[in-house]
2 protein chains.
Amino acid sequence: MATPSIKEVAHRAGVSVGTVSNVLNRPWIVAPDTRQRVQDSIRALGFVRNEAARHLRAGRSRTVGLVVLDVSNPFFTNLAEGAEALAYEHDTVVMLCNSKTDPVREGHHLDQLEQQRVMGILITPFDSADPRLQALVSRGTPVVLVDRAADSGLCSVSVDDQLGGRLAGNHLIESGHRRIAFIGGPFTMQQVADRRTGITTTVEKADGVELQLFEVDVMGVVEGRAIGERIAALPARARPTAAFLANDLLALGFLQAMSVAGLQVPRDMAIVGYDDIDFARAAAVPLSSVRQPAELLGRSAMELLQEEVEAADRHRHRQVIFQPDLIVRESSDYVRR
Amino acid sequence: MATPSIKEVAHRAGVSVGTVSNVLNRPWIVAPDTRQRVQDSIRALGFVRNEAARHLRAGRSRTVGLVVLDVSNPFFTNLAEGAEALAYEHDTVVMLCNSKTDPVREGHHLDQLEQQRVMGILITPFDSADPRLQALVSRGTPVVLVDRAADSGLCSVSVDDQLGGRLAGNHLIESGHRRIAFIGGPFTMQQVADRRTGITTTVEKADGVELQLFEVDVMGVVEGRAIGERIAALPARARPTAAFLANDLLALGFLQAMSVAGLQVPRDMAIVGYDDIDFARAAAVPLSSVRQPAELLGRSAMELLQEEVEAADRHRHRQVIFQPDLIVRESSDYVRR
DNA sequence: AAGCGGCATTTAGACGATTCAATCCACCAC
DNA sequence: GTGGTGGATTGAATCGTCTAAATGCCGCTT
């Protein structure tokens, strides 16, 4: 009843377990007729390899962990698809884990992955300085940071978030905005901090532009809507005329709040999001957004990991950085006099 | 250098491996000072349990596979979150796999999961009659169908898709539409077939209403846009005045195409989608949609699986069916005279 | 006929954790 | 002093697969 093992396959084929294993792993060294007999036996019994046993024996698994901040953010699922595409070619499996921007959940997933002795971990960490991450690495699990630059101690694949912030900032300032909101969070997250730094430096260089900061715990549609309501309720005089949001989910929620509050986008409020997810262009008012090459990020991260795993000793950590693009759509396409 | 094993922990603590294992699994039977010594040793060496070994010994893993049709569809990520929430409580891990509506990829994932001897599999299958699925089950892996009703041979959690189709159909007919398009695919997928049957029966009961069918390979934004362009190009006389799309991604793409083609929604074209994903209400024209309780689906499926795994022998397969709700928003809120 | 090379196959440990029967020891009762 | 009791600990077998070394076998050469 239970799944048959290699032993039963061997018995039925009248050979030893070693031979069966050879058929499975180096079929060419087995005599053709023996091979045939074994293969028949495998089929007849419905034998399925036991990955746990292989893994135990081999000492390393064929699974890669991918820990992202939010699976319901299309940015991360696109990223995951990129990673998985490459994994597929290397006959490895991707285990997608959702930390929900929660260090506790993140830690839990890392523990699980380490116990599974995964080949390696791709992670968009909540905090890349987390000592637990360091410990993980020092205990021998290769880690590649994704969407987050590492210092020389790790491989990483990221996008220049400060540039992203500057692009958005420049665009809004050039469009004549003088009160701009930056919305994102938590500010301790490097991605958010960098995007903020980017727009901050731009604003500081310009004369008479004020930047208002709004922090959220989680960057989802709901939070964007909430902040939007708060801002819409401000007296027009104090209210920013443009908002730069640290991701598109926030921006979409924010946009909804504007429409509910009866504010016109982009006339009363210009909006720029981040990530350029597919839904951005389908929004009520098509959303301007800073585009990141999500799939490429995932793919490159996996590439670096494969490299590290295979080269093992002579591997040098690398930090790959991509450039973001600003995509201007209707939501910010309005020049303020 | 390599991760230490239980043996080294035992040696350092001056006890046998059995004792270490006891500290890990039944700490209360170990004398307090011995326990302390072992725990210190564990900490000092940075010992991490080897899941592969545990699994091999135990014969069953603590992982559940979840195979969905499209991870970038928020419906499925919501569903995944529901499943994972429950898994978390049971100290099990969810492995999220993306079949991309491709039987080959689906098969590949099932193979991988079976090799890993997962506790069980939750799957939204491409084709629930697939003999491979049957084989999998007969070899002993518990399977629960998700978003897809099973016959008595399996547990399943689904939503009444025919009802969903009828709700959409009634709504559109009552709004005065006489030429309605149904768009989805592949038609061989049960969910799609049922939604279609639902609207078809409704249309047949009404006088003088015509239903036009459009089939797509994959239900994504891109495909929706393509079909939208095709339909927008029809002469107004032949063009349907309303479209019911088998998921929201299609609907969002379709909506975009309407706007590009200069057709007003809902006046020139009413639109009803399916799933009611978060983005539906944030769309250019807020989208009417048939809502499915995605998280609940995931949660319930996991519940059934846990039940099957634990009760083992005295388990009776159950088919849980939820009811969908029609959410009417602006995209179909227009009565045609 | 003995020896040898070469191929096909077998044998026998690992791998790391779990578990259960067996052992050990201290203490108490008689 | 003997036997018993019970709690703490140990030892050894086991899970399924892989692999390196060993064996067996055949035919060929010398």
Side-chain angles (χ1 to χ4, degrees), chain A residues 1-39 41-42 45-62 111-112 114-119 139-140, chain B residues 1-39 41-42 45-63 91 112 114-119 139-141:
Chain A
M1 198 74 266
T3 333
S5 78
I6 214 180
K7 200 193 276 177
E8 308 167 54
V9 172
H11 180 252
R12 185 180 216 274
V15 299
S16 75
V17 294
T19 301
V20 177
S21 178
N22 282 335
V23 171
L24 257 21
N25 300 301
R26 306 105 102 187
W28 57 91
I29 75 163
V30 179
D33 53 337
T34 314
R35 194 194 310 153
Q36 191 57 53
R37 218 149 16 98
V38 171
Q39 276 161 350
S41 169
I42 287 178
L45 293 173
F47 167 76
V48 176
R49 266 161 128 129
N50 183 326
E51 177 65 24
R54 300 185 74 187
H55 170 183
L56 173 60
R57 177 71 228 267
R60 49 115 102 187
S61 97
R62 288 159 46 250
D111 289 347
Q112 297 288 344
E114 191 179 10
Q115 289 183 17
Q116 292 186 45
R117 299 287 191 279
V118 290
M119 267 177 57
R139 268 182 256 117
Chain B
M1 199 73 268
T3 333
S5 78
I6 214 180
K7 200 192 277 177
E8 307 167 54
V9 172
H11 180 253
R12 184 178 216 275
V15 298
S16 75
V17 294
T19 301
V20 177
S21 177
N22 282 334
V23 170
L24 258 22
N25 299 301
R26 305 103 102 183
W28 57 90
I29 75 162
V30 179
D33 54 337
T34 313
R35 196 194 310 152
Q36 191 57 53
R37 218 149 16 97
V38 171
Q39 277 161 349
S41 170
I42 288 178
L45 294 173
F47 167 77
V48 176
R49 264 162 132 129
N50 184 324
E51 176 66 23
R54 301 185 74 189
H55 170 182
L56 174 59
R57 179 69 230 264
R60 49 114 101 190
S61 98
R62 288 160 45 252
T63 302
D91 191 33
Q112 296 290 344
E114 191 178 11
Q115 289 183 17
Q116 293 185 45
R117 301 287 191 279
V118 290
M119 267 178 57
R139 269 182 255 116
T141 305

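All values below were derived from every heavy atom in this structure, side-chain atoms included, with hydrogens, water molecules and symmetry-related copies excluded. Just so we're on the same page: letters track the sequence lines, and every chain starts at 1.
Looking at heavy-atom distances under 4.0 Å, Gly59(B) makes no contact with the nucleic acid at all. Residue contacts shown for Val30(A) are limited to sugar-phosphate atoms, with no base heavy atom under 4.0 Å away.
In this structure, the side chain of Ser41(A) does not engage the main chain of Arg12(A) through any donor-acceptor pair within 3.5 Å.
Side-chain contact check for Pro27(B) versus Val30(B): every heavy-atom pair is 4.5 Å or farther apart. Between Arg62(A) and Arg54(A), the closest side-chain pair of non-hydrogen atoms falls below 4.5 Å. No side-chain heavy atom of His55(A) sits less than 4.5 Å from a side-chain heavy atom of Arg60(A).
For the pair Ser16(A) and dT9(C), the criterion of a side-chain N or O lying under 4.0 Å from OP1 or OP2 is not met. Distances shown here put a side-chain N or O of Thr19(A) below 4.0 Å from the OP1 or OP2 atom of dT10(C).
The distance between atom CG of Asn50(B) and atom P of dC15(C), rounded to the nearest whole Å, is 12 Å. Protein atom CG of Asn22(B) is 15 Å distant from nucleotide atom P of dG7(D), rounded to whole Å. Between His55(B) atom NE2 and dC15(C) atom C1' the separation is 15 Å, expressed in whole Å. If you measure from atom CZ of Arg60(B) to atom P of dT19(C), you get 12 Å, rounded to the nearest angstrom. Distance NE2 (His11(B)) to P (dT10(D)): 13 Å, rounded to an integer number of Å. Remark: C1' of dC7(C) and CG of Asp33(A) are 13 Å apart, rounded to the nearest angstrom. The separation between Trp28(A) atom CH2 and dA8(C) atom C1' is 15 Å, rounded to whole Å. In this structure, Asn25(A) places its CG atom 16 Å from P of dT9(C), rounding to the nearest Å.
Taking a cutoff of 4.0 Å between a charged side-chain nitrogen and a carboxylate oxygen, Glu114(A) and Arg49(B) do not qualify as a salt bridge.
Nearest nucleotide to the side chain of Arg54(A), out of dA8(D), dT17(D), dG16(D): dT17(D). Considering only the side chain of Ser21(B), dT19(C) comes nearest among dT19(C), dA8(C), dT9(D).
Residue order along DNA chain D, read from the 5' end via each residue's closest nucleotide, puts Gly14(B) first among Gly14(B) and Ala58(B). Nearest-nucleotide positions on DNA chain D place Thr34(B) closer to the 5' end than the other of Thr34(B) and Val17(A). Comparing Arg26(B) and Ala53(B) against DNA chain C, the residue whose closest nucleotide sits nearer the 5' end is Ala53(B). Between Arg49(B) and Val15(A), the residue whose closest nucleotide on DNA chain C is further toward the 5' end is Val15(A).
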